[in-house]
Amino acid sequence: MGKRQYITTAIDYPNAAPHMGHVLEKVLADVCARWFRLRGDEVRFQIGTDEHGIKIQRKAEEEGVTPRALVDRNVVLFQDLYTRLGISYDKFIRTSADSGHKATVQALWNKLKDAGMLEKRSYTGLYCAGCERFMPKKDLEDGKCPVHHTIPDEVTEENWFFLLSKDTENLRSLLTKDWGKEEYRIVPDFRANETLSLLDQGLEDVSFSRPKTSLAWGIDVPGDEDHVMYVWCDALTNYISGLGYFTKNEEREWWDDAVVTHVIGKDITRFHALIWPSMLKAAGVRIPDRLLVHGFLTSEGEKMSKSLGNVVVPQDVIDKYGVDALRFYLSHEVPVGRDGDFSWKRLEEMYDAKLRNQLGNMLNRALVLLRKDGGVVQIPTDEESVSQTKKLWDDFAQQMDTFELHAAMQSLTEAVSILNGAFNDRAPWTIKDDVEKRIQTLGNFAECLRHIALMLLPFMPETAQKISTQLGVSYAAKMLDHDFVITDDMKQWGSQKDWKTVGEPAILFPKIEDSVAPKA
RNA sequence: CGCGGGGUGGAGCAGCCUGGUAGCUCGCGAGGCUCAUAACCUCGAGGUCGCAGGUUCAAAUCCUGCCCCCGCAACCA
């Protein structure tokens with residue numbers, strides 16, 4: 001018990017407002033972080049923004065503002081959204097604004113250089129003046145830029161390269177077994193297989209810097225005033241710079257002596273699976289434990305894109321259905337690791353069917369009847385209830401521990417459905433003469449709901465607390481505290497001896513009248 | 001032959017590894033109940049499991065070929 005967990009998400013690129021894809025990742029990581037805390041682990045959870053780079057620089061030029069002003073403005077959008085979503089992060093790192101970040105990155109750079117992993121080379125490529133970037137040959141149509149229909153110029157520029165190819169076999173070993181006894185697991189498995197097939201194709205060295213003439217908005221390369229670091233050394237390093245690595249070193253134990261989990265999207269798997277461990281190893285820093293890779297979200301079955309006009313603004317969803325409905329949808333409908341779809345119609349169906357009609361109504365029908373008998377809580381204890389509850393918790397923990405979060409979430413909605421069925425079968429409202437029996441029958445349902453609320457806590461914290469409060473459970477007020485832990489006692493059937501009466505029933509999920517999705 | 005994912009009742013998916021009455025959720029229809037947020041429960045309709053071959057007593061499930069959709073292909077989460 002009580003392992004130390006360091007969990008991170010990819011840092012977001014704040015060149016525009018956050019969208020549903022950003023939210024998927026944060027919710028996934030937050031559910032994990034909350035679960036770790038609830039099971040008694042010490043957790044540090046970091047998110048942030050990757051604020052350098054050419055796109056920010058250009059976007060700022062377009063708007064006639066400084067890059068600094070642009071990111072300062074946009075970062076707030078991310079922070080506000082994540083706060084509203086209840087993302088329980090401990091640290092929000094900003095690569096251009098966090099004082100320690102630059103120092104750690106430059107220190108890491110020097111270590112890579114000392115390790116002989118950096119080399120300055122001239123790079124020759126096809127440069128499109130219109131796009132202001134090098135075009136890979138594969139992107140060209142008949143040798144022309146597909147956007148500008150011009151033949152790109154052959155341009156040579158100096159770049160620092162990270163000698164990733166040196167580590168090809170080490171990385172293959174790392175992903176299949178270990179690298180100097182260090183292990184690094186990719187979840188789900190098929191992402192690991194994909195990465196291994198990349199190794200089979202051979203690894204190339206990676207460009208790690210840009211001349212300031214083409215990119216000014218970034219961290220200076222130490223000892224080379226004409227160059228700025230390219231994204232990888234800058235962005236990936238956030239995971240350790242956020243802990244003061246190589247500088248203050250105050251919080252290094254969260255890296256050195258913790259289970260480290262990176263939550264990322266499938267597009268950046270290769271960088272996290274290959275470049276990052278190679279960098280760390282060269283710098284003499286331990287490799288993380290696992291990489292949790294999520295898929296992408298389509299919108300209404302199609303790729304999310306501005307031109308299609310189907311980009312879903314998370315705030316619209318929250319405004320209409322609430323934070324927990326959104327967290328529920330992303331957890332219940334999107335299998336961890338695989339692509340998912342966001343659909344207003346589906347969200348509405350799920351909200352009505354699972355949350356309003358099943359969960360909310362179940363709570364309400366039990367509470368209303370209990371209140372008619374004075375709200376007395378009496379939970380009959382029998383062998384079967386005790387053992388079934390234990391099995392429920394064991395199965396749930398198993399799924400959560402192996403990151404099958406959607407399966408865990410789905411088994412919760414399944415449990416609520418079974419509860420509704422049992423309620424009809426036992427029909428407590430038909431027990432007219434025997435008050436004691438009626439109260440005890442209802443007590444069973446209240447106790448079941450108490451357990452379900454606890455399990456819902458990582459997914460839908462506010463809802464879980466509301467249920468517990470309505471039930472009148474004594475720990476309800478503390479459930480959202482950062483240090484709240486689900487104890488073995490809480491997981492026991494009928495363990496809450498101080499639970500005497502139920503609270504006031506209230507509608508958990510109201511009917512949403514307007515069934516038309518807001519236009520984007 | 002670039003890589004990967006996928007094509008199963010109206011929608012979304014499971015099943016395929018370890019062949020043998022095709023399952024789940026939503027939606028739809030009909031009954032039941034009436035404690036409850038017109039919610040809940042039960043039953044039902046609806047599928048030649050992308051196409052074509054092959055292996056087998058038997059294939060959604062294994063093999064071969066083909067068609068189609070989606071994503072990725074060094075910086076779009």
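Here is the naming used below: chain letters follow the sequence lines, and residue numbers restart at 1 for every chain.
The NE2 atom of H294(A) sits 10 Å away from the P atom of A77(B) (whole-angstrom rounding). Residue L419(A) contributes atom CG, which lies 13 Å from atom C1' of C41(B) at whole-angstrom precision. Per the geometry, CG belonging to L412(A) stands 20 Å off P belonging to C24(B), to the nearest Å. Atom CG of D425(A) and atom P of C40(B) are 15 Å apart (whole Å). Going from atom CZ of F423(A) over to atom P of C35(B) covers 11 Å, rounded to whole Å. For F161(A) and A74(B), the CZ to P distance is 14 Å, given to the nearest whole Å. Atoms NE2 (H406(A)) and P (C24(B)) sit 18 Å apart, rounded to a whole Å. Rounding to whole angstrom units, CG of residue L442(A) and P of C35(B) are separated by 13 Å.
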Strand RNA chain B in bracket notation, Watson-Crick/G-U under 3.5 Å with | for pairs to another chain: .(((((((.[[[[.)....(..]]]].(((((.......))))).....[[[[[..)....]]]]])))))).....
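As rounded to the nearest Å, G53(B) and G6(B) have C1' atoms that lie 22 Å from one another. To the nearest whole angstrom, the two P atoms, one in C72(B) and one in G65(B), are 28 Å apart. Going from the P atom of U61(B) to that of A77(B) covers 39 Å, rounded to whole Å. To the nearest whole angstrom, the two P atoms, one in A11(B) and one in U48(B), are 13 Å apart. Comparing U37(B) with U8(B), their P atoms are spaced 40 Å from each other, to the whole Å. As rounded to the nearest Å, A59(B) and C51(B) have P atoms that lie 15 Å from one another. Rounded to a whole angstrom, the distance from the P atom of G29(B) to that of A14(B) is 28 Å. Spacing of P atoms, C49(B) relative to U21(B), comes out at 15 Å, to the nearest Å.
Nucleic acid contact for G421(A): sugar-phosphate only, since backbone atoms but no base atoms lie under 4.0 Å from a heavy atom of the residue. Contacts of T195(A) with the nucleic acid, taken as non-hydrogen atoms under 4.0 Å apart, are absent. Here K55(A) lies in heavy-atom contact (under 4.0 Å) with sugar-phosphate atoms only.
Residues Y89(A) and Y82(A) keep their aromatic ring centres 6.0 Å or farther apart. Taking the centre of each ring, Y239(A) and Y6(A) stay at or above the 6.0 Å mark.
A salt bridge does not link K281(A) with D167(A): none of the charged nitrogens is closer than 4.0 Å to a carboxylate oxygen. In this structure, R172(A) pairs ionically with E169(A), as a charged nitrogen and a carboxylate oxygen lie closer than 4.0 Å. The existence of a salt bridge linking D98(A) and R94(A) is excluded, since no basic side-chain nitrogen approaches an acidic carboxylate oxygen closer than 4.0 Å. Under 4.0 Å is where a charged nitrogen must lie from a carboxylate oxygen, and between R34(A) and D30(A) at least one such pair does. Between K166(A) and E119(A) there is no salt bridge, since no side-chain N of the basic residue sits under 4.0 Å from a carboxylate O of the acidic one. Comment: E349(A) engages K345(A) in a salt bridge, judged by a side-chain N to carboxylate O separation of less than 4.0 angstrom.
Phosphate contact (OP1/OP2 of U25(B), side-chain N/O of K354(A), threshold under 4.0 Å): absent.
Nearer to the 5' terminus of RNA chain B, by closest-nucleotide assignment, is the contact made by L359(A) (compared with the other of N420(A) and L359(A)). For the pair L164(A) and H22(A), both in contact range of RNA chain B, the more 5′-proximal nearest nucleotide belongs to L164(A).
When distances are taken from the side chain of A353(A) to each of C41(B), U25(B), G27(B), the shortest belongs to G27(B). Here C35(B) is the nucleotide among A74(B), C40(B), C35(B) with the atom lying nearest to any side-chain atom of W429(A). Candidate nucleotides A74(B), G71(B), U37(B) were compared by shortest atom distance to the side chain of W232(A), and A74(B) ranks first. Side-chain atoms of L297(A) lie closest to A77(B) of the nucleotides A77(B), U25(B), G71(B).
Within 6.0 Å of atom NZ in K120(A), more than 12 heavy atoms from other residues, nucleotides or ligands are found, so the atom counts as buried in its surroundings.
Formation of a donor-acceptor pair under 3.5 Å by the R191(A) side chain with backbone atoms of I186(A) is not found in this model.
A donor-acceptor contact under 3.5 Å is formed by the side chain of N424(A) with the base of C40(B). A donor and an acceptor atom never sit less than 3.5 Å apart when one is taken from the side chain of Q358(A) and the other from the base of A39(B). A donor and an acceptor atom sit less than 3.5 Å apart, one in the side chain of N361(A) and one in the base of A36(B).
Of the residues in residues 362-374 of chain A, those with a non-hydrogen atom less than 4.0 angstrom from any atom of RNA chain B are N364(A), R365(A), V368(A), L369(A), K372(A).
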For a side chain to side chain contact (heavy atoms under 4.5 Å, CB included) check, start with the C-alpha distance between L419(A) and I452(A), then their side-chain angles and the critical distance, and finish with the verdict. CA-CA 10 Å; L419(A) 218 51; I452(A) 286 168; 4.0 Å; yes
Yes or no on salt bridge (Lys or Arg N to Asp or Glu O under 4.0 Å) for K212(A) and D220(A), after CA distance, side-chain angles and deciding distance? CA-CA 9 Å; K212(A) 279 187 182 169; D220(A) 291 346; 3.3 Å; yes
